[in-house]
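Shown next, in structure tokens, is the structure this report addresses.
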Amino acid sequence: MSPRLLLCAALLRLLLARPPPTGELENDFGPESGSESGEVRSEAIRRLLEVFGMEDPPLARGRKQPPPQYMLDLYHTVADVDGVTRDPHLLEGNTVRSFFDKLHSEQVEFVFNLSMVAQNEKVLTAELHIFRLRPQASVSFSRHHFCQVSVYQLLDASKVNASQGRKLLSSRLIPIHSSGWEVFTITQAVRSWMFDEGSNLGLMVTVKTLSGGQMDRKAVRFASGRHHHYSKQPMLVLFTDDGRRAAPLESNGGDKPAAPSLPMLPMPGAGRRSARSADYDEDGERMPCQRQPLYVDFEEIGWSGWIVSPRGYNAYHCKGSCPFPLGQNMRPTNHATVQSIINALKLTKGIEMPCCVPDKLFSINLLYFDDDENVVLKQYDDMVAGSCGCH
């Protein structure tokens, strides 16, 4: 079983469990148990943030604008209603970030603040999304049917030998009598900005006739953040990968030191329950290994202020016994089968029955606001127990 999922499941049980009455706390934990319980919750929150690749949760503030429709559509494409990944190959990398233009210029120039992109993120693809407005009626019968739209990276002409202080990134023909989103790939520019933040002087878009002449500005217009609806604002979309991939089940060593353990805190009534009592149902019957619900409600954890979707998800957990003989419905490994035989025959002292654990894990997707009000779509591996087996 993935160490990350083991840790996550333990943290979720701590966070989502309702605290027992004060009297029960005193009987089981003693007079200092309240402060100890608070310490455990704080540590659990910290560890859960680590699972989600964060040091602190983004600030929960009143949002002035909804998430971009593109990011909402992308989320619903890669994730189901619970946030579980539909197909791990749909998304390039594991992170998609959206940024709005900060310049709001009257000209077709844009500047995007990329300070929220971590240095360890590898930029796979960068796209400029700009919205074509309908031509004004006075030029609807223009003799031109196509125009050349080009995107340039603005450069510091005093530092580089660049013609007119700009560098061509992308160019193509588009029909004049149309409207809607136009997408241009500008990966090269964004990678240079990540390498040298000071080189981010912005982008410029030009529109020319097929012969290279200047187009009538009323014929081809792009929406800007200053005069047009929020839903049509220019946007930069980055597809990145932060390198946080699920570790193989056997890789729990190497040069990386083991994480410090959670503070030890006895659970209420722990001394009155046997270690195997969880393997029995309410009627006292032995319950076979199976998958059980474990719903994670982000509002209960206190994260609903910055997470857009999902509002929660079912992580599931594995519960039940793995008695001898293990049938194929228990999905046992060969090792578990041998261990079960050794346990049943009592050939070696101290050998327990195999454990009921996840044998298939799925990733989930979070759509959320970062501290700079950018909307981020991020995929997290090994967050849902897909099925259980005896291992």
Side-chain angles (χ1 to χ4, degrees), residues 1-17 36-60 79 82-85 88 91 93-97 115-122 240-265 267 294-318 357-358 361-372 374-385:
M1 178 181 181
S2 166
R4 180 180 296 177
L5 187 66
L6 277 171
L7 172 63
C8 193
L11 297 177
L12 292 173
R13 287 175 183 171
L14 279 171
L15 292 169
L16 301 178
E36 291 179 0
S37 180
E39 291 177 5
V40 171
R41 181 177 176 84
S42 297
E43 179 67 5
I45 289 288
R46 187 181 72 82
R47 290 295 184 88
L48 195 57
L49 284 169
E50 288 181 1
V51 171
F52 285 96
M54 303 176 185
E55 294 183 3
D56 298 295
L59 297 175
D82 295 318
V84 180
T85 304
L91 198 62
N94 62 3
T95 308
V96 184
R97 298 180 179 273
S115 60
M116 297 304 297
V117 182
Q119 287 297 319
N120 66 322
E121 285 188 48
K122 180 181 179 180
T240 70
D241 196 303
D242 61 9
R244 297 179 75 249
R245 291 299 182 184
L249 298 182
E250 65 274 9
S251 64
N252 195 24
D255 298 330
K256 186 176 180 180
S261 60
L262 285 169
M264 297 302 294
L265 185 66
M267 297 305 290
L294 176 60
Y295 189 75
V296 183
D297 190 326
F298 291 130
E299 185 172 0
E300 288 189 15
I301 300 175
W303 289 2
S304 61
W306 54 276
I307 293 180
V308 178
S309 285
R311 309 312 294 175
Y313 76 100
N314 204 333
Y316 294 100
H317 70 112
C318 296
V357 296
L361 300 168
F362 299 137
S363 61
I364 66 167
N365 301 266
L366 285 191
L367 188 68
Y368 65 90
F369 288 95
D370 66 16
D371 280 331
D372 201 31
N374 305 308
V375 175
V376 181
L377 171 60
K378 201 166 185 68
Q379 198 169 86
Y380 298 92
D381 291 338
D382 292 358
M383 298 296 288
V384 175

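No hydrogens, no waters, no symmetry mates; every other heavy atom, side chains included, goes into these values. Just so it is clear, the model here is predicted, and its values are computed rather than measured.
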Inset, instruction - Using the six-membered ring wherever Trp is involved, compare the ring planes of Trp303 and Phe52 and label them parallel, tilted or perpendicular (cut-offs 30° and 60°). - result: perpendicular
Legend entry - Pairing residues for Ser309 by the side-chain hydrogen bond (donor to acceptor under 3.5 Å, both in side chains) criterion, not counting sequence neighbours: none
Inset, instruction - Can you measure from CG (Leu91) to CG (Asp241) and round to the nearest 0.5 angstrom? - result: 9.5 Å
Legend entry - Exercise: identify the closest heavy-atom pair between Asn365 and Pro310: O-CD, 3.3 Å
Legend entry - Nearest non-hydrogen partners of Pro358 and Cys318, listed with the distance: N-SG, 3.3 Å
Legend entry - Nearest-0.5 Å distance that lies between atom CG in Leu366 and atom CD in Gln379: 10.5 Å
Inset, instruction - Enter the distance from Arg311:CZ to Asp297:CG here, rounded to the nearest 0.5 Å. - result: 9.0 Å
Legend entry - With sequence neighbours excluded, residues passing ring-ring contact (aromatic ring centres under 6.0 Å, His included) with Tyr368: Trp306
Inset, instruction - Mark yes or no for whether Asn94, through its side chain, and Asp242, through its backbone, hold a donor-acceptor pair below 3.5 Å. - result: yes
Inset, instruction - Check whether any side-chain heavy atom of Ile45 sits under 4.5 Å from a side-chain heavy atom of Ile301, and report yes or no. - result: yes
Legend entry - Separation between OG1 of Thr95 and CG of Leu377, rounded to the nearest 0.5 Å: 8.0 Å
Legend entry - CZ on Arg97 to OG1 on Thr240, rounded to 0.5 Å: 6.0 Å
Inset, instruction - Might you point out which heavy atoms bring Tyr316 and Val384 nearest each other, and give the distance in Å? - result: CD1-CG1, 3.9 Å
Legend entry - Shortest non-hydrogen contact from Tyr380 toward Val51: CD2-O, 3.9 Å
Legend entry - Interatomic distance, Asn374 atom CG to Ser115 atom OG [nearest 0.5 angstrom]: 7.5 Å
Inset, instruction - Look only at the side chain of Ser363 and the backbone of Thr85, and say whether a donor-acceptor pair between them is shorter than 3.5 Å. - result: no
Inset, instruction - State, to 0.1 Å, how close Asp370 and Asp372 come at their nearest heavy-atom pair, and which atoms those are. - result: OD1-N, 2.8 Å
Legend entry - Phe369 side chain near Val375 side chain, heavy-atom distance below 4.5 Å: yes
Inset, instruction - Not counting sequence neighbours, which residues clear side-chain contact (heavy atoms from CB on, under 4.5 Å) with Asp56? List them please. - result: none
